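Because the structure is predicted, anything quoted here is derived from the model rather than measured.
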Amino acid sequence: MHVIELRFECFDNTTITAAEKAINGLLEAYRANGQVLGREFAVAFNDGEFKARMLTPEKSSLSKRFNSPWVNSALEELTEAKLLAPREKYIGQDINSEASSQDTPSWQLLYTSYVHMCSPLRNGDTLQPIPLYQIPATANGDHKRMIRWQTEWQACDELQMAAATKAEFAALEELTSHQSDLFRRGWDLRGRVEYLTKIPTYYYLYRVGGESLAVEKQRSCPKCGSQEWLLDKPLLDMFHFRCDTCRIVSNISWDHL
């Protein structure tokens, strides 16, 4: 990922309120399209201009060719707020994050966790994140539904990792059950991505608990019941199961590895 600073200059008298609304609207539109990452953006006013720093998947993430209709509309609203189009300043590569995938994958998957800010769409060959704006819009002109699903998955993951309240069990049900609302929405998004990209796309079904390693290896695919999804060698050293019919990958319970 990369750190980019956007600078917004005023070309006429405006107000903090009008500028704040227009700038935040643009940043939210960028986020919904996967062009910027994270949930909160610091916007500062100094020396007659507004500045915002953010993480992007690539150096070119804010290029006009990637813009969604919402982003283009938000850019027009800057003019109404008496702001010029933003000027970009490249700060540098973020040393604490992953590099985005540059190659077309042979397969891909939806995978995230509460510690990841990057795209939830991953290259199945390398596990590198694929910028969402690199694929066709999944719904209503951008990828807002995908971002929302990722946010919900991460919230459940954080609850179960904290293991401090009874909410942990409800969160685990959402992460591990093929009958949960979180699975249903994610699996449907997976299908949409596969349809748009023509690349086999899988859903990662989280697994924890279980009785023993031997019992774990006898697990069947929860969706179709196949016993043939246990792999001889784990994919990417993480995924021990893969059902090509149901497009699901999973792991042997982390409690027994």
**Fill in**
Here the gap from Gln179 atom CD to Ser177 atom OG, rounded to the nearest 0.5 Å, amounts to 5.0 Å
**Prompt:** Does a donor on one side chain and an acceptor on the other come within less than 3.5 Å for Gln108 and Thr197?
**Reply:** yes
**Prompt:** In terms of ring plane angle, is the pair Tyr204 and Tyr206 parallel, tilted or perpendicular, where the classes change at 30° and 60°?
**Reply:** perpendicular
**Fill in**
So CH2 of Trp149 and OG1 of Thr138: to nearest 0.5 Å the spacing works out to 12.0 Å
**Prompt:** Can you find a heavy atom in the side chain of Cys10 that is under 4.5 Å from one in the side chain of Phe50?
**Reply:** yes
**Asked** Between Phe239 and Tyr111, what is the ring plane arrangement, given parallel below 30°, perpendicular above 60°, and tilted in between?
**Response** perpendicular
**Message:** Centre-to-centre under 6.0 Å for Tyr203 and Trp187, is that the case here?
**Reply:** no
**Asked** Taking Ser100 for the side chain and Pro57 for the main chain, is one N or O donor matched with an acceptor at less than 3.5 Å?
**Response** yes
**Prompt:** With distance as the sole criterion, is a donor-acceptor pair present between the side chains of Gln154 and Arg39 under 3.5 Å?
**Reply:** yes
**Message:** Can you tell me how the ring of His178 sits relative to the ring of Phe183, calling it parallel under 30°, perpendicular over 60° and tilted otherwise?
**Reply:** perpendicular
**Item:** Face-on cation placement of Lys198 at Tyr195 ring, 6.0 Å and 45° thresholds
**Value:** yes
**Request:** Measure up the His2 and Tyr90 rings against each other and bin them: parallel (under 30°), tilted (30 to 60°), perpendicular (over 60°).
**Result:** tilted
**Prompt:** Under 3.5 Å, side chain of Asn251 to main-chain N/O of Arg207, donor-acceptor pair present?
**Reply:** yes
**Message:** So, taking the atom named CD in Gln218 and the one named CD in Glu216, what distance separates them when rounded to the nearest 0.5 Å?
**Reply:** 10.0 Å
